[in-house]
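These notes are about the structure you will find just below.
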Amino acid sequence: MSVIEAEKLSKTFRVRQKEKGMRGSIQAVFHPRTKEVAAVDGVSFSVEEGEVLAFIGPNGAGKSTTIKMLTGILYPSSGSVKVLGIDPTKSRRRLAYEIGTVFGQKEQLWTHLTPYDNFRFFGAIYDIPEGEIQRRIAELADTFELGSFLDTPVRSLSLGQRIRCEIVASLIHRPKVLFLDEPTIGLDPVVKENIRGLIRQMNREFRTTIFLTSHDIGDIEKLCKRIIIVNSGRIVLDDSMEHLKSHYLNRKIVEIKLQEEAALPSVSGITVLKKKGGHVKFEVDTAKLPINDAIRFLDAENLEDINISNIPLENIITEIYKAKEVQLRNVNSKFET
């Protein structure tokens, strides 16, 4: 069953235009010029119950605008949207009782209150009886291991502890759909992994549908089975994570510093991207050559430093977007001929 349905969803903003200098400032006051910018341009997709979906793209791609339309914060310029069968533009208050939101860069908790008092406050907002609030707080505090800081003011918590409390606050009314916007931003690797584990547990135990946006490939790869990539307000890819990983996420970037300049062995799966003296940057296609095997080809005695990273998400998006543009041009040229 689909819990989110978007059909040709669009949002256009009118943006003021201003020329440089004092003259431009004066003209902007007395003769303002504007242009329309399509933040979201006719996107259509659906999300099934219990699904964990990654909705990603570069900055300015339309992710946040889409979430705001799904949650009723913004009205679409055209198209339609239903979340749990509810139209957010007509029944935002009713929808608020059925969904939760967590924004990694924005706090919803009162920092001078303890997590416990915050949870009681949110329970009262959602009209949950006092006895039921206490039971849910105890259950969620145990699941998310909040006991050691449940009575500590939020302002005194670490970032990782605060994010855990933000997630619990969004779950106090047992939402059927949870929107997570960069939930692990700024967290260290250990805390990130803990938060991911909690999200997986939440999805498994409460059957919560997760709508996730993130620039962290680790979040996407470890949490989601499906991914939608948007760019310039349009969907450029809607595919399973398994298929995406086999085509795009099986490449690693390796940067090494050698004590003495040396040539890399010519091996299938290794592509040199940049070489300057003893500094070498190359790409490893792990589908052809496991990363451990690639490292074994290096001269350990000559190796001074090494760094291994994923392909930047922005590069993956750009690559996919360019591939889609080429496909579109090829289709158009066939019709023209």
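No hydrogens, no waters, no symmetry mates; every other heavy atom, side chains included, goes into these values. Residue numbers start at 1 and run along the sequence shown.
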Next on the checklist: Are Ile308 and Ile295 packed together at the side-chain level, in the sense that at least one heavy-atom pair is separated by less than 4.5 angstrom?
Outcome noted: yes

Checklist outcome for this item: On a heavy-atom basis, the closest approach of Arg92 and Gly72 is CD-O, 3.3 Å

Checklist entry - Any side-chain heavy-atom pair from Val81 and Pro88 closer than 4.5 angstrom? => result yes

Checklist entry - Distance-only, no hydrogens or angles: does the Lys225 side chain make a donor-acceptor pair with backbone N or O of Ser240 under 3.5 Å? => result no

Checklist entry - Closest heavy-atom contact between Leu157 and Cys165? => result CD1-SG, 4.0 Å

Checklist entry - Does Asn302 reach the main-chain N or O of Glu260 with its side chain, forming a donor-acceptor pair under 3.5 Å? => result yes

Next on the checklist: Could you go through Val177 and Glu98, starting from their C-alpha distance and side-chain angles, then the distance that decides it, and tell me whether this counts as side chain to side chain contact (heavy atoms under 4.5 Å, CB included)?
Outcome noted: CA-CA 7 Å; Val177 182; Glu98 304 293 340; over 6 Å; no

Item to check | Considering all heavy atoms, the nearest Thr209-Gly50 contact | outcome: OG1-N, 2.8 Å

Checklist entry - Transitively linked via ILVMFWY side-chain contacts under 4.5 Å: Ile291 with Val267? => result yes

Checklist entry - Say you draw a straight line from CZ of Arg196 to NZ of Lys192; how long is it, rounded to the nearest 0.5 Å? => result 6.0 Å

Item to check | Donor-acceptor under 3.5 Å (Arg251 side chain, Glu283 main chain) | outcome: no

Next on the checklist: Is it the case that atom NZ in Lys275 sees more than 12 heavy atoms from other parts of the structure closer than 6.0 Å?
Outcome noted: yes

Checklist entry - At their closest point, which heavy atom of Thr286 faces which heavy atom of Lys252, and how far apart are they? => result CG2-CG, 3.9 Å

Checklist entry - Mind checking whether Phe119 and Leu150 have side chains closer than 4.5 Å, heavy atoms only? => result yes

Item to check | Pair Asp181, Thr213: side-chain N/O donor-acceptor within cut-off below 3.5 Å | outcome: yes

Checklist entry - Is the side chain of Asn203 donor-acceptor paired with the backbone N or O of Thr208 at a distance under 3.5 Å, no angle test? => result yes

Item to check | side chain to side chain contact (heavy atoms under 4.5 Å, CB included) between Ser232 and Asp41, intermediate numbers included | outcome: CA-CA 8 Å; Ser232 300; Asp41 189 8; over 6 Å; no

Item to check | Any donor-acceptor N/O pair, Asn231 side chain to Ala61 backbone, under 3.5 Å | outcome: no

Item to check | Polar side-chain atom of Tyr75 near backbone of Thr89 as donor-acceptor pair, under 3.5 Å | outcome: yes

Checklist outcome for this item: Contacts satisfying salt bridge (Lys or Arg N to Asp or Glu O under 4.0 Å) that involve residues 127-150 (not counting sequence neighbours) are Arg120-Glu130, Glu132-Arg135, Glu132-Arg136, Arg135-Glu139, Glu139-Arg174

Checklist entry - Out of curiosity, Ile67 CD1 to Leu74 CG, how far, rounded to the nearest 0.5 Å? => result 11.5 Å

Next on the checklist: Please evaluate residues Glu107 and Glu166 with respect to the criterion side chain to side chain contact (heavy atoms under 4.5 Å, CB included), reporting the C-alpha separation (whole Å), side-chain torsions for both, the decisive distance (0.1 Å), and the verdict.
Outcome noted: CA-CA 8 Å; Glu107 295 180 348; Glu166 292 277 357; 3.8 Å; yes

Item to check | Pairs flagged by salt bridge (Lys or Arg N to Asp or Glu O under 4.0 Å) wherever residues 56-79 is involved - sequence neighbours left out | outcome: none

Next on the checklist: Could you go through Thr152 and Gln161, starting from their C-alpha distance and side-chain angles, then the distance that decides it, and tell me whether this counts as side chain to side chain contact (heavy atoms under 4.5 Å, CB included)?
Outcome noted: CA-CA 11 Å; Thr152 303; Gln161 291 171 333; over 6 Å; no

Next on the checklist: Any non-hydrogen side-chain atom of Ile4 less than 4.5 Å from a side-chain atom of Leu70?
Outcome noted: yes

Checklist outcome for this item: Separation between CD (Glu51) and OG (Ser46), nearest 0.5 Å, reads 7.5 Å

Next on the checklist: Are Leu109 and Leu113 packed together at the side-chain level, in the sense that at least one heavy-atom pair is separated by less than 4.5 angstrom?
Outcome noted: no

Checklist entry - Is there side-chain contact between Lys176 and Tyr97, with heavy atoms separated by less than 4.5 Å? => result no

Checklist outcome for this item: Between Ser2 and Glu48, the two heavy atoms sitting closest are OG-OE2, 2.8 Å

Item to check | ILVMFWY cluster, Ile73 and Leu180 together (side-chain gap under 4.5 Å) | outcome: no

Checklist entry - From Leu289 CG over to Arg296 CZ, what is the distance, rounded to the nearest 0.5 angstrom? => result 9.5 Å

Checklist entry - Is any side-chain heavy atom of Phe122 less than 4.5 Å from a side-chain heavy atom of Ile128? => result no

Checklist entry - CD1 of Ile228 to CG of Leu53: how many Å apart, nearest 0.5 Å? => result 4.5 Å

Checklist entry - Under 30°, 30 to 60°, or over 60°: which ring-plane class applies to Phe211 and Phe179, parallel, tilted or perpendicular? => result tilted

Item to check | Heavy-atom side-chain proximity of Arg164 to Ile167 below 4.5 angstrom | outcome: no

Checklist entry - Does the Gln108 side chain pair with the main chain of Val102, one donor and one acceptor, at a distance under 3.5 Å? => result no

Checklist entry - With the threshold set at 4.0 Å, does a side-chain nitrogen-carboxylate oxygen contact exist between Lys82 and Glu5? => result no

Next on the checklist: For Phe45 and Phe55, take the angle between the two ring planes, folded into 0 to 90°, and tell me which bin it lands in: parallel under 30, tilted 30 to 60, perpendicular over 60.
Outcome noted: tilted

Checklist entry - Could you give the distance from CD1 (Ile229) to CD1 (Ile220), rounded to the nearest 0.5 Å? => result 8.0 Å

Next on the checklist: Please find the pair of heavy atoms, one from Leu198 and one from Thr143, that lie closest to each other, and give the distance.
Outcome noted: CD2-O, 3.9 Å

